[in-house]
Every structure is written in C-alpha cells, then in structure tokens.
There are 2 protein chains.
Amino acid sequence: MENVTPIKSATLSDDLAQQLTQAIVEGSMALGSKISEPELAKRYGVSRGPLREALVKLESLGLITRTANVGARVIDLKVSDLMDTFAMREALEGMAARQAAESMADEEIQALYRLLDDHQMFLDNNQDEHYTSQSGNEDFHQRIIQGSQNQKLIRLLNQDLYATIQLYRRHTADSRPEPRQALREHKAILDAIANREGDLAELLMRRHISRAANLLKKAMLQESVVNEKSSRHSAQK
Amino acid sequence: MENVTPIKSATLSDDLAQQLTQAIVEGSMALGSKISEPELAKRYGVSRGPLREALVKLESLGLITRTANVGARVIDLKVSDLMDTFAMREALEGMAARQAAESMADEEIQALYRLLDDHQMFLDNNQDEHYTSQSGNEDFHQRIIQGSQNQKLIRLLNQDLYATIQLYRRHTADSRPEPRQALREHKAILDAIANREGDLAELLMRRHISRAANLLKKAMLQESVVNEKSSRHSAQK
DNA sequence: GCGCCCAACATTGTCGACAATTATTACCAA
DNA sequence: TTGGTAATAATTGTCGACAATGTTGGGCGC
C-alpha cells in the first residue's frame with residue numbers, strides 16, 4: 001500500500017520530498033515533464049508551501065531543474081550525465097574503500113564476509129535472480145560506505161547520488177549481467193580491506209565501479225531509442 | 001545592520017540563500033547559534049516563506065542543520081568534518097584533474113600556464129601577499145575543475161563544497177604559509193595535464209590537496225582554543 | 001528545598017489569498 | 001496565411017494569519 005501517504009513523517013515537506021523522489025525514480029513522473037505546482041499540490045492534498053520546500057530539496061538532489069518564474073521540470077536522462085555521475089561515484093567510493101580499510105572494525109569485516117558467502121550460496125542455488133542479486137550488491141556498497149566513517153561522504157553518496165543512480169538503473173534495462181564477476185570483485189575488495197591495504201582497496205573499488213559504468217553505458221546506448229521515445233512524448237507538458 | 005540587499009536576483013529565496021551563505025561564511029552569523037525564523041525574516045525584510053525555502057537550500061549545502069518543529073542551527077566547526085570534507089575534495093578534484101587531462105583544450109592549458117607565470121611574478125615582486133596568493137590559488141583550482149567538463153562535478157565542488165571550505169578557511173588563521181611550494185605543485189599538475197597524463201595529474205592533485213589538508217588541520221588544532229571559545233559563547237541562543 | 005505537572009508563551013509548520021511574471025490567445029495588418 | 005501585438009489567462013513568487021508542536025516558568029505535593 002505504497003500509494004497514498006505511506007509513511008507519516010514529522011513534516012509534510014519531508015514526506016513530499018520522499019514521495020516525489022520515489023515517483024520520479026519509479027517513473028510515475030515522466031522524465032522531462034513540466035511540474036505544475038497547483039496540480040501536484042492538489043494531487044497530494046497539501047498546500048503549495050510545503051510542496052515548494054520539497055521542490056527546493058529535489059532541485060539540490062539534482063532530480064528536477066527549476067527556473068525562476070517559469071517552473072520546474074523533471075530532469076532528462078542523458079548519457080553524459082550518467083558518465084559524470086559514475087565518475088564521481090568512482091572517485092568517492094574509491095575513497096570510501098580506502099578509508100574503510102583504515103577504520104573498519106574487524107567484526108564488521110567478518111560480517112561482510114558472511115554477506116558475501118550468503119550471496120555466493122544464493123547464486124549457486126538460483127541460477128540468476130537479478131533482483132535480489134542487485135539488492136545484495138547495494139548492500140555491499142552501502143556497508144563499505146558506512147565503514148568509511150566519513151559522515152560527509154556517507155551523506156553525499158546515500159542521499160544525493162543514490163536517487164540519481166537508482167533513476168538511471170530503473171530507466172535502463174536491468175544491467176548486472178554478470179553477478180558472479182561482481183561477486184569476485186567484491187571479494188577482492190573485501191580482502192584488501194581486511195588486509196588493511198587502503199591503496200589496493202581503492203584501486204579495486206574504482207575498477208569495479210568503472211566496469212559497472214561501462215556496462216550501464218553500453219546498455220543505455222543500445223536502448224537509446226527507448227530513451228528518445230520516453231523523453232520525447234513527455235517533453236512538452 | 002547587514003548591507004541592505006546589495007544584489008537583486010530573480011527571486012527573494014535565491015537572494016536570501018546567497019546572503020545567508022555569505023553571512024555564515026564571513027562569521028556574522030555565529031557558528032552553532034540558533035536561527036530564529038521570525039527574527040531573520042524581520043532583519044532581511046521578507047516573509048517567512050522565501051526564508052524557509054532558503055533555509056532548505058542551506059541545509060542541503062550543509063551550512064545549517066534543521067530539526068522538525070525545533071528549528072535550525074548554524075553548523076559547528078569540527079576537525080573531523082574538516083578532514084571528511086578534504087578527503088572528498090581530494091577524491092573529487094583528483095578525478096577532475098584526470099578528466100581535465102583528457103578533455104581540456106590546448107588554449108585553455110596555455111592560459112593556465114600564463115596564470116601561473118603571473119602568479120610567479122607576483123611572488124617574486126611582493127614577498128608574501130597572502131590574500132591575492134590565495135585568490136590565485138583558487139583560480140587555478142577553479143579552472144581545473146571547469147576543465148574536467150564534468151557538469152555534476154563542477155556543480156558539487158563549486159556550489160556544495162565551496163562554501164564549506166571557505167568557511168573553514170575563514171575561521172582558521174589564514175593557512176597557506178608556503179605559496180611557493182603550492183605554485184611548484186600547481187606547475188607539476190599542469191605539466192601532467194599538458195602531457196595528457198591523466199593518472200599522474202590525478203596523483204599530483206591528490207597529494208597537493210592532501211598536503212593542504214594537513215596544514216589546515218594543524219592550524220585548526222593549534223587554535224582549537226579559539227574554536228572552543230567561539231563555539232561555546234554562542235552555543236545556546 | 002527538590003522534583004513533577006500543568007498552563008502560558010514562543011516558535012515552527014501549514015494554509016489560503018494576493019501580487020508579479022510568464023504563457024496563451026485573439027485580433028489586426030501586411 | 002503569416003507575423004506581430006495587445007489583452008487575457010494561468011502559473012509562480014510572496015505575504016500574513018492560523019494550527020500544531022516545543023519550550024518555559026510557576027505552583028503544587030512530597
């Protein structure tokens with residue numbers, strides 16, 4: 001029952017920001033479409049005040065663009081933006097891996113090994129179940145990020161970049177065709193962290209993300225027709 | 001008595017965000033102090049609506065923290081935050097240098113060489129004029145960032161991180177005690193970019209920033225007494 | 001005196017209405 | 001028909017007021 005007001009947060013503005021983010025990522029708000037404040041306010045049953053605050057937040061998340069006296073639009077999907085985002089992710093998560101190697105607790109590392117074992121078992125049993133494989137992948141990255149203990153980094157990756165990456169994933173054919181390869185890379189990264197080799201951990205994480213970026217890019221270019229269509233029929237109004 | 005609206009932007013909210021950012025960075029708003037919406041609104045002569053939108057923006061810039069139904073506070077200066085920020089900056093500007101080495105135009109590189117020459121001449125003439133040396137430093141970094149042509153990176157570094165870094169600079173004793181060393185490092189970085197050696201450019205940029213971070217950290221720890229005082233007399237109210 | 005509870009106050013969150021700006025439409029001329 | 005222009009409609013920006021939540025201070029019981 002995700003539909004109408006799923007979670008009751010402290011403030012309407014926060015709620016809205018969350019719901020709108022979800023709506024954009026899930027595609028129920030067409031990419032590139034104009035956002036009408038009165039319409040949205042009516043649809044969510046709130047006044048324009050909190051809505052506008054939510055829009056300001058979404059703008060700084062990079063999910064919408066706003067121009068003064070004109071209005072807001074949902075962002076468009078562009079390959080160049082995707083590559084830009086992944087370059088940043090490569091740099092930042094690489095740094096996260098380095099810092100995790102320096103400051104992650106031993107028991108956390110052990111827990112991560114268990115996570116990877118579970119993932120391995122899952123792959124052996126079910127031949128390829130992309131969805132959970134995907135969530136397992138995210139879990140690994142999440143824990144590395146957390147392990148960096150760099151608060152600024154955690155916030156940036158989890159709040160600012162996360163939605164964007166989700167958005168691109170959601171709008172391209174599910175890309176993660178080689179879960180076993182990904183798992184091997186995860187294991188190598190974790191080994192480096194366990195050995196407290198920050199340089200190596202960073203290097204491996206960067207290669208890992210760079211590889212994923214290339215796969216995503218290829219997938220996106222192949223179905224660029226789809227993107228064209230979806231961004232075109234919704235570009236105006 | 002703030003200067004009364006020096007620049008007139010398109011929207012009050014944007015104006016406010018800019019002025020408040022400046023006020024925080026310059027220190028006319030005490031670090032850690034509580035922000036009263038009615039008071040600020042009265043001081044700037046606006047209603048609470050645009051003010052709140054500006055506050056949402058400042059929050060996502062990391063300059064203030066907000067808690068629902070309680071209010072907003074200016075952030076506090078913490079050494080750990082400084083180090084976190086500089087770790088991110090190291091990763092991101094390193095990536096910027098790499099991408100600049102790949103995609104910067106030749107004439108831009110030549111212009112950068114001229115900039116460094118000017119800087120050199122300036123240092124030879126005036127023994128040590130920190131302020132302009134500082135602005136020259138920033139100019140160099142700005143151009144590298146721009147040269148990366150990574151829009152996401154440019155926005156993040158120039159808008160999100162810039163204010164934070166300025167804030168830390170402003171609240172610690174001016175740290176840049178070795179402008180000649182910095183200039184040498186800039187020159188090495190630029191050489192790497194001119195030779196299209198992305199790996200080297202990234203490595204040098206990271207070392208350069210890491211060094212600056214350590215200097216800043218040392219300066220901050222030395223005058224931690226000052227920080228204690230300033231954050232204490234303004235903590236409540 | 002000390003701690004708890006309740007009432008008065010202040011601050012934040014939300015709303016509806018008005019002002020300012022932009023988009024649209026109708027109309028006229030070439 | 002086409003282009004430009006003026007009037008109209010719609011949307012965004014801003015404001016003041018009300019509702020809801022937090023905070024503070026005084027009084028009461030122990």
Side-chain angles (χ1 to χ4, degrees), chain A residues 4-21 23-24 29-30 32-61 63-75 234-237, chain B residues 2 4-21 23-24 29-30 32-75 234-237:
Chain A
V4 198
T5 318
I7 352 155
K8 200 97 198 194
S9 163
T11 163
L12 273 187
S13 170
D14 289 343
D15 256 3
L16 275 176
Q18 220 168 326
Q19 290 189 248
L20 291 178
T21 299
I24 292 177
M29 287 193 124
S33 63
K34 177 146 183 3
I35 291 176
S36 161
E37 291 184 4
E39 184 201 324
L40 260 197
K42 203 171 60 182
R43 186 187 315 172
Y44 286 93
V46 298
S47 138
R48 278 179 53 225
L51 173 63
R52 283 175 61 86
E53 293 181 15
L55 290 183
V56 172
K57 201 174 294 184
L58 284 237
E59 183 185 23
S60 57
L61 286 181
L63 291 176
I64 67 174
T65 60
R66 276 164 32 108
T67 25
N69 293 316
V70 172
R73 302 191 88 93
V74 183
I75 60 157
S234 58
Q236 245 64 303
K237 174 55 184 295
Chain B
E2 256 64 35
V4 197
T5 319
I7 354 156
K8 198 102 197 189
S9 162
T11 163
L12 274 186
S13 169
D14 289 342
D15 257 1
L16 275 176
Q18 219 168 325
Q19 289 189 250
L20 291 179
T21 300
I24 292 176
M29 288 194 122
S33 63
K34 173 141 184 10
I35 293 175
S36 159
E37 293 185 3
E39 184 201 324
L40 261 197
K42 202 172 62 182
R43 186 187 317 174
Y44 286 94
V46 298
S47 140
R48 277 179 55 223
L51 173 64
R52 283 175 61 86
E53 293 182 15
L55 290 184
V56 172
K57 202 175 294 184
L58 284 236
E59 183 185 21
S60 57
L61 285 181
L63 291 177
I64 68 174
T65 59
R66 276 164 31 107
T67 24
N69 294 316
V70 172
R73 301 193 89 94
V74 183
I75 61 157
S234 58
Q236 246 65 304
K237 174 50 191 294

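Chain letters run A, B, ... following the sequence lines, proteins first and then strands; every chain starts at 1.
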Not counting sequence neighbours, which residues clear side-chain contact (heavy atoms from CB on, under 4.5 Å) with [X]? List them please.
X	value
A:S36	A:P38, A:E39
B:T21	B:V25, B:L58, B:L61, B:L63, B:A163
B:I75	B:T65, B:L167

Could you tell me whether a side-chain N or O of A:R73 sits under 3.5 Å from a main-chain N or O of A:G32, the two making a donor and an acceptor? yes
Mind listing the closest non-hydrogen atom pair of B:A10 and A:A68 along with its distance? CB-CB, 3.8 Å
How close do A:I24 and A:V74 get, counting heavy atoms only, and between which atoms? CG2-CG1, 3.9 Å
Please say which of B:K57, B:R48, B:R52 ends up in a salt bridge (Lys or Arg N to Asp or Glu O under 4.0 Å) with A:E53. B:R52
Rounded to whole Å, CG of B:D14 lies from P of D:dT12 at a distance of 15 Å
Annotated protein contacts, base or backbone, on nucleotides 12-25 of chain C with a non-hydrogen cut-off under 4.0 Å, one of B, S, - each: BBBB-B---SSS--
Near DNA chain D, under 4.0 Å by heavy atom, which residues of residues 54-65 of chain B? none
With sequence neighbours left out, the residues meeting side-chain hydrogen bond (donor to acceptor under 3.5 Å, both in side chains) with B:T11 are none
